[in-house]
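In this chain, numbering begins with 1 at the start of the sequence shown. As a basis for the values below, the full set of heavy atoms in this structure was taken, side chains included, without hydrogen atoms, waters or symmetry mates.
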Amino acid sequence: MATEPKKIIIDTDPGVDDAMAILLALRSPEVEVIGLTTIYGNVYTTLATRNALHLLEIAGRTDIPVAEGSHVTITQGTKLRIADFVHGADGLGNQNFHPPKGKPIEQSAADFIVEQANLYPGKITVVALGPLTNIALAIQQDPAFVKNIGQIVILGGAFAVNGNVNPAAEANIFGDPDAADIVFTCGADVVAVGINVTHQVVMTDADRDKLVCSNGKYAQYLCKILEVYFSYHHDAYSTKGVYLHDPTALLVAVNPSLFTYMEGVIRVQTSGITRGLTLLYNKQKRFAEITEWSDKPSVKVAVTVDAPAVVKLFMDRLMDS
Ligand SMILES: O=c1[nH]cnc2c1ncn2[C@@H]1O[C@H](CO)[C@@H](O)[C@H]1O
């Protein structure tokens, strides 16, 4: 008996590696993308929406709705940290593509996520690739959301390693630490994939050459937008290639057995010099005192990844497109 594909909503701030993840999802029969919701992070939300619509037009999938998300943090903060130096001013490698023809739907991202979780209780997976504002809003808007949502896969956090914004914080959590703390402690089925895992998954310069030489339609598109992302990595890291953050997290929804996990309680530091720090309590010690981790629900955190298998799946599916 054929199993039905898993319904996923991708909450995204495209972004070069977001584009990789979205195109990979559209090439993955294990999942059905039922919507994209947008958020600030790699670009501002308005541009994220435009890029999401653009990517669906490139892919010939304008049947998939795009719902625009929040322009401010969960605490109404407007001083956002935008990573245009990683992805280019347009978020897609400074290619200045034509504006998309399509428009976002009238519903907000949070309303769309809540509605879909209600329509298909236990069946929807949200793959969150940016700051977690929209997901926290969904949790606040609907008390039944936590019970209705199937799973929330989060690209975010730096578990027992340095961050990528500063030594304490990873970019998506740093973008809205208050929202992240709400999502990690909400009680839903949450899986976190931090940069301790995604930094093991590298697309090398040689892999890029392979993409360039392939006839895959999506591969050809990605090659156009990769230059800025590659040169940022060459400057910022000593790795010979780029990290596949977003596609790696997407693959948790596609094939969870590519990873191993541990369970524990995650809290997020929301102020001070370690704002955005994610701290996992692994439950190996029973503390005498009540702590900020006591009585909070556990989540799953990815700890290892079959990196060669992830890179291969990514390459194969994009080259064969
Ligand atoms: O150095 C960086 N600063 C800010 N954002 C980054 C950096 N590297 C990658 N990303 C973006 O943030 C997420 C992973 O933390 C990824 O979505 C990536 O696109």
Side-chain angles (χ1 to χ4, degrees), residues 5-38 41-42 48 51-64 66 86-87 91-93 124-130 151-156 172 191 193 195 197-204 207-208 210-212 214-226 229-230 233 241-259 302 305-321:
K6 192 187 280 182
K7 290 183 176 10
I8 69 168
I9 297 171
I10 305 179
D11 188 69
T12 173
D13 55 343
V16 174
D17 59 328
D18 298 75
M20 292 172 167
I22 291 166
L23 295 178
L24 176 61
L26 296 176
R27 293 286 311 145
S28 295
E30 300 87 347
V31 296
E32 176 194 358
V33 181
I34 64 161
L36 301 183
T37 55
T38 63
N42 296 326
N51 288 349
L53 291 163
H54 160 78
L55 289 165
L56 292 175
E57 288 179 9
I58 290 292
R61 290 302 306 273
T62 51
D63 56 304
I64 298 173
V66 174
V86 180
H87 303 272
L92 297 173
I124 305 284
T125 296
V126 175
V127 180
L129 303 178
Q151 188 169 64
I152 305 170
V153 176
I154 295 169
L155 169 72
N172 287 342
V191 186
V193 185
I195 56 175
V197 165
T198 58
H199 279 183
Q200 298 172 47
V201 186
V202 175
M203 176 188 183
T204 61
D207 291 328
R208 178 165 71 157
K210 253 169 53 187
L211 276 194
V212 172
S214 85
N215 289 322
K217 181 176 145 210
Y218 293 0
Q220 287 300 320
Y221 173 81
L222 281 182
C223 288
K224 281 197 232 164
I225 67 171
L226 278 175
Y229 195 62
F230 265 78
H233 280 74
V242 299
Y243 297 128
L244 294 179
H245 301 285
D246 294 1
T248 301
L250 186 273
L251 288 178
V252 169
V254 169
N255 181 1
S257 69
L258 292 167
F259 303 80
V305 56
D306 184 346
V310 166
V311 175
K312 183 169 189 316
L313 200 54
F314 172 78
M315 295 288 295
D316 287 350
R317 288 187 172 182
L318 290 168
M319 290 191 301
D320 178 27
S321 63

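Taking 4.5 Å as the limit, some side-chain heavy atom of Gln151 sits within range of a side-chain heavy atom of Val191. With a 4.5 Å cut-off on side-chain heavy atoms, Leu244 and Thr198 do not count as touching. The shortest distance between side-chain heavy atoms of Phe259 and Thr248 falls below 4.5 Å. Put simply, the side chain of Arg61 does not reach to within 4.5 Å of the side chain of Val33, judged on heavy atoms.
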Show your reasoning for whether side-chain contact (heavy atoms from CB on, under 4.5 Å) applies to Val201 and Tyr243. CA-CA 6 Å; Val201 186; Tyr243 297 128; over 6 Å; no

Should Leu211 and Met203 be marked as a side-chain contact (heavy atoms from CB on, under 4.5 Å) after you check the CA-CA gap, both sets of side-chain angles, and the distance that decides it? CA-CA 11 Å; Leu211 276 194; Met203 176 188 183; 3.3 Å; yes

Check the pair Asn51, Thr38 against side-chain contact (heavy atoms from CB on, under 4.5 Å), reporting the backbone distance first and the verdict last. CA-CA 9 Å; Asn51 288 349; Thr38 63; over 6 Å; no

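Rounding to the nearest 0.5 Å places OG1 of Thr37 at 3.5 Å from CG of Asp11. Note that CD1 of Ile8 and CG of Leu36 are 9.0 Å apart. Values are rounded to the nearest 0.5 Å. The structure places CD1 of Ile225 at 10.0 Å from NE2 of His87, a figure rounded to the nearest 0.5 Å. To the nearest 0.5 Å, atom NZ of residue Lys217 and atom CD1 of residue Ile58 are 8.0 Å apart. In this structure, CD1 on Ile152 lies 10.5 Å from CD1 on Ile9, to the nearest 0.5 angstrom.
The two atoms that bring Asn172 and Gly156 nearest to each other are CB-CA, 4.5 Å, heavy atoms only. Taking all atoms of both residues into account, the shortest heavy-atom contact from Ser321 to Ala219 is OG-N, 3.9 Å. In terms of heavy atoms, Ala52 sits closest to Val66 at CB-CG1, 4.1 Å. Nearest heavy-atom pair across Tyr229 and His245 is OH-CD2, 3.5 Å. Contact between Asp207 and Met315 at its shortest, heavy atoms only, is O-CE, 3.2 Å. Listed here is the closest heavy atom pair of Ala307 and Gln200: CB-O, 3.3 Å.
Shown here are the side-chain contact (heavy atoms from CB on, under 4.5 Å) partners of Leu313, two or more places apart in sequence or in another chain: Leu251, Leu258, Arg317. Under the rule for a side-chain hydrogen bond (donor to acceptor under 3.5 Å, both in side chains), Asn215 has no partner lying at least two apart in sequence or in another chain.
Under the 3.5 Å distance criterion, the side-chain polar atoms of Lys7 are left unmatched by any main-chain donor or acceptor of Ile34. A donor-acceptor pair is defined here as one N or O able to donate and one able to accept, closer than 3.5 Å; such a pair exists between the side chain of Gln220 and the backbone of Ser214. Arg27 contributes a side-chain N or O that, together with a main-chain N or O of Asp320, makes up a donor-acceptor pair within less than 3.5 Å.
Ring geometry, His54 versus Tyr221: the interplanar angle falls from 30° to 60°, so the pair is classed tilted.
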Pairs under 3.5 angstrom only: tabulate donor-acceptor contacts from the side chains of residues 14-24 to other protein residues two or more places apart or in another chain.
| residue | atom | partner | partner atom | Å |
| --- | --- | --- | --- | --- |
| Asp17 | OD2 | Asp246 | N | 3.3 |
| Asp18 | OD1 | Asn42 | ND2 | 2.8 |
| Asp18 | OD2 | Thr12 | OG1 | 2.9 |
| Asp18 | OD2 | Asp13 | N | 3.2 |

